[in-house]
Chemist: 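Take a look at this one; I'll ask things after.
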Amino acid sequence: MPRESEVVYVRERERSSPPAVIMENLSVAYGEREILHGFNLEVCSGERVLLSGPSGSGKSTVLHCVLGLVVPREGTVMIWGEPVDSSSVWKARLHLGYVPQEPDLGKGTVRQVLEAPFSFRANERLRGNLEKIPAWLDRFDLPVHLLDKEASTLSGGEKQRVALISAILLERSVVLLDEASSALDQDNKRRVAEYFREAPDLTVLAVSHDAEWADFTTRTVSLALMKKGGPK
Amino acid sequence: MNGIIDITPWQLAGGYLLLLIPLSIFLFQRVPMVREAGIAVIRMTIQLLFVGLYLQVVFRLNNPWLNLAWVGIMVGVADFSIVRGCGLRLSRFVSPVFIALAAGTLVPVFVFMGAILQRSNCLDAQYVIPLWGMVLGNCLRADIIGLRNFYESLKRDEKIYHQSLAQGATLREALDPYMRGALQASLLPTIASMATIGLVALPGMMTGVILAGVNPLTAISYQIAIMIAIFSGTALTVFLALWLTLRKSFDAYGLLDTRVSHKK
């Protein structure tokens, strides 16, 4: 795992390397079933890209490849110019925030869920961000007493907002959102979209069917068209 | 105190009549376990007869190498039972679990033999085989609980585990909750039995020593020592089994290899 000096070094490099994420000729298969074939995508720093496509077209798989949670059969993933492989993936993940589809927050209270990532050595320096939790809860229309509630008892929309706050607190430069607002009402969808609109430094790669995302993303990439290899 | 009363084959055969009780219950309630129970009783009888005859020879010869070989076979059989019982792949897990079992039982048994009983010959058949067997039997149960709990929790909570990796956890940090859970689940039965021992049931070793005509206080000393040996042995084997199997279960990305489980 990287030391703090290494993390600082990586952050310095982010500023001089424009493409936040590059995927080249990516092919992924689960057993015999091919999910992605020759997929290419380049996401520049500060860009907001929406991935669209029918169910099963591999939208979530693209995000999992970026995170190193799915290892492609062929092709390369690069984060800030650094190829993601078995040795660099641990450092690469420190650039990435991730809000999964239907987040499973696990056992414990919401407070414990939000505090958990800060027990990891790589995030220790960000521990001060925990003080900002009440402000973030307020921004996403969640009451402060929710912190003492069992995370497993939250509604789908509450879980999504807690997962989003958890990703925001980690101050990652690239945020991967997998249907991150699917269970939210219109007001909260607007609040979430507004947050990303007001954070121009963030690079966002989102999978969503919501119109709110289409409004603020700069580009839409259709996986249905790119399944057999397509333009960057 | 009197010595132990011998049981003749005819007296033992009379004991088998007790099996009519579960058999009647199974037939009355139509519980489909008659065949399994019958096979289990036959296996128990044959296995124990075989072990009894074999141990007579082993005890008479009392050769350290032969004793060690017998212990090796016991560890090997326990090893296969654990890996099979957990539904894990034999080819991958047999060696790490064998090492965990061998090391995890050797330490408490040798401490028992050397420091507590102060035997100059730590491989004396009369002591080492029954003691190793008792520690090993408990380790087998604990290892099955621990390994099953660990791998099943990881599969069940895959999304939470992946989220920890995505949030910047090292492999060890991401696995910590599952290791804790597995150790807790596997050691709980031993802790519970230590907490209630003597109140709920008289343990096997103590009963055996008392039946052999030994003073109950000596029997209690043996029981306390063996419980401590079992507890430390189970903790050590489960801990080692978890750590030694990790290398064969996760890839360099920290992802659980789906081929850890035996295909059903």
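Proteins come first, then strands; the chains are lettered A, B, ... in the order of their sequence lines, and each starts at number 1. We use all heavy atoms of the structure for the numbers below, so side chains are in, but hydrogens, waters and symmetry mates are not. Please read all numbers here as calculations on a predicted model, not as lab measurements.
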Chemist: Scan residues 190-202 of chain B for pairs that pass salt bridge (charged side-chain N to carboxylate O under 4.0 Å, His left out), counting only residues two or more places apart or in two chains.
Modeler: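 Non-adjacent pairs meeting salt bridge (charged side-chain N to carboxylate O under 4.0 Å, His left out): zero.
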
Chemist: Is A:Leu96 in contact with chain B via its backbone, its side chain, both, or neither, using a 4.5 Å heavy-atom distance?
Modeler: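 Just its backbone gets close to chain B.
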
Chemist: Distance from B:Arg172 atom CZ to A:Phe120 atom CZ, nearest 0.5 Å?
Modeler: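 Those atoms lie 13.0 Å apart.
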
Chemist: Given 3.5 Å as the limit, does a donor-acceptor pair link the side chain of A:Arg93 with the main chain of B:Ala169, or not?
Modeler: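 No.
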
Chemist: We want to know whether B:Gln163 and A:Ser166 form a side-chain donor-acceptor pair, criterion being a heavy-atom distance below 3.5 angstrom.
Modeler: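 No pair is found: no donor N or O on one side chain lies under 3.5 Å from an acceptor on the other.
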
Chemist: Count the heavy atoms of every other residue, nucleotide or ligand shown that sit under 6.0 Å from CD of A:Glu131, and state whether that count exceeds 12.
Modeler: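 No - once you tally the heavy atoms of other residues, nucleotides and ligands closer than 6.0 Å, there are 12 at most.
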
Chemist: Is it the case that atom CZ in B:Phe239 sees more than 12 heavy atoms from other parts of the structure closer than 6.0 Å?
Modeler: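 Atom CZ in B:Phe239 is not packed in, count stays at 12 or less.
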
Chemist: With chain B as the partner, which of A:Val71, A:Asn123, A:Val84 has the greatest number of non-hydrogen pairs under 4.5 Å?
Modeler: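 Ranked by heavy-atom pairs under 4.5 Å with chain B, first place is A:Val71.
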
Chemist: Which atom names give the shortest non-hydrogen contact between A:Arg172 and B:Gln167, and what distance separates them?
Modeler: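 Minimum heavy-atom separation between A:Arg172 and B:Gln167: NH2-O, 2.9 Å.
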
Chemist: How far apart are the closest heavy atoms of B:Leu255 and A:Gly68, and which atoms are they?
Modeler: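 So the minimum-distance heavy-atom pair works out to CD1-O, 3.7 Å.
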
Chemist: Between atom OG of A:Ser88 and atom OH of B:Tyr253, what is the distance when rounded to the nearest 0.5 Å?
Modeler: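 That separation rounds to 7.0 Å.
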
Chemist: I'd like to know whether NZ of B:Lys155 has more than 12 heavy-atom contacts from other residues, nucleotides or ligands below 6.0 angstrom.
Modeler: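 Buried by this count: over 12 neighbours within 6.0 Å.
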
Chemist: With a 4.5 Å limit on heavy-atom distance, are the side chains of A:Arg121 and B:Thr170 in contact?
Modeler: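 With C-beta onward as the side chain, the pair stays apart.
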
Chemist: Answer yes or no: is there a donor N or O on one side and an acceptor on the other, between the side chain of B:Asp157 and the main chain of A:Gly106, under 3.5 Å?
Modeler: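 Side chain of B:Asp157 to backbone of A:Gly106, a donor-acceptor pair under 3.5 Å: no, none is there.
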
Chemist: Within a radius of less than 6.0 Å around CD of A:Glu150, do more than 12 heavy atoms belonging to other residues, nucleotides or ligands occur?
Modeler: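 Enclosed.
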
Chemist: Would you name the heavy atoms of A:Ala122 and B:Gly168 that are closest together and state the gap between them?
Modeler: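 Of all heavy-atom pairs spanning A:Ala122 and B:Gly168, the closest is CB-O, 3.8 Å.
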
Chemist: Which atoms of B:Leu165 come close to chain A, meaning under 4.5 Å heavy atom to heavy atom: side chain ones, backbone ones, both, or neither?
Modeler: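 Both backbone and side chain.
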
Chemist: With a 4.5 angstrom heavy-atom cut-off, which part of A:Asp104 approaches chain B: side chain, backbone, both or neither?
Modeler: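 The answer is both parts of A:Asp104.
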
Chemist: Which heavy atom of B:Ala252 sits nearest to which heavy atom of A:Val89, and what is that distance?
Modeler: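 Shortest heavy-atom separation between B:Ala252 and A:Val89 comes out as O-CG1, 4.4 Å.
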
Chemist: Can you tell me if OH on A:Tyr30 sees more than 12 non-hydrogen neighbours from other groups inside 6.0 Å?
Modeler: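 Yes.
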
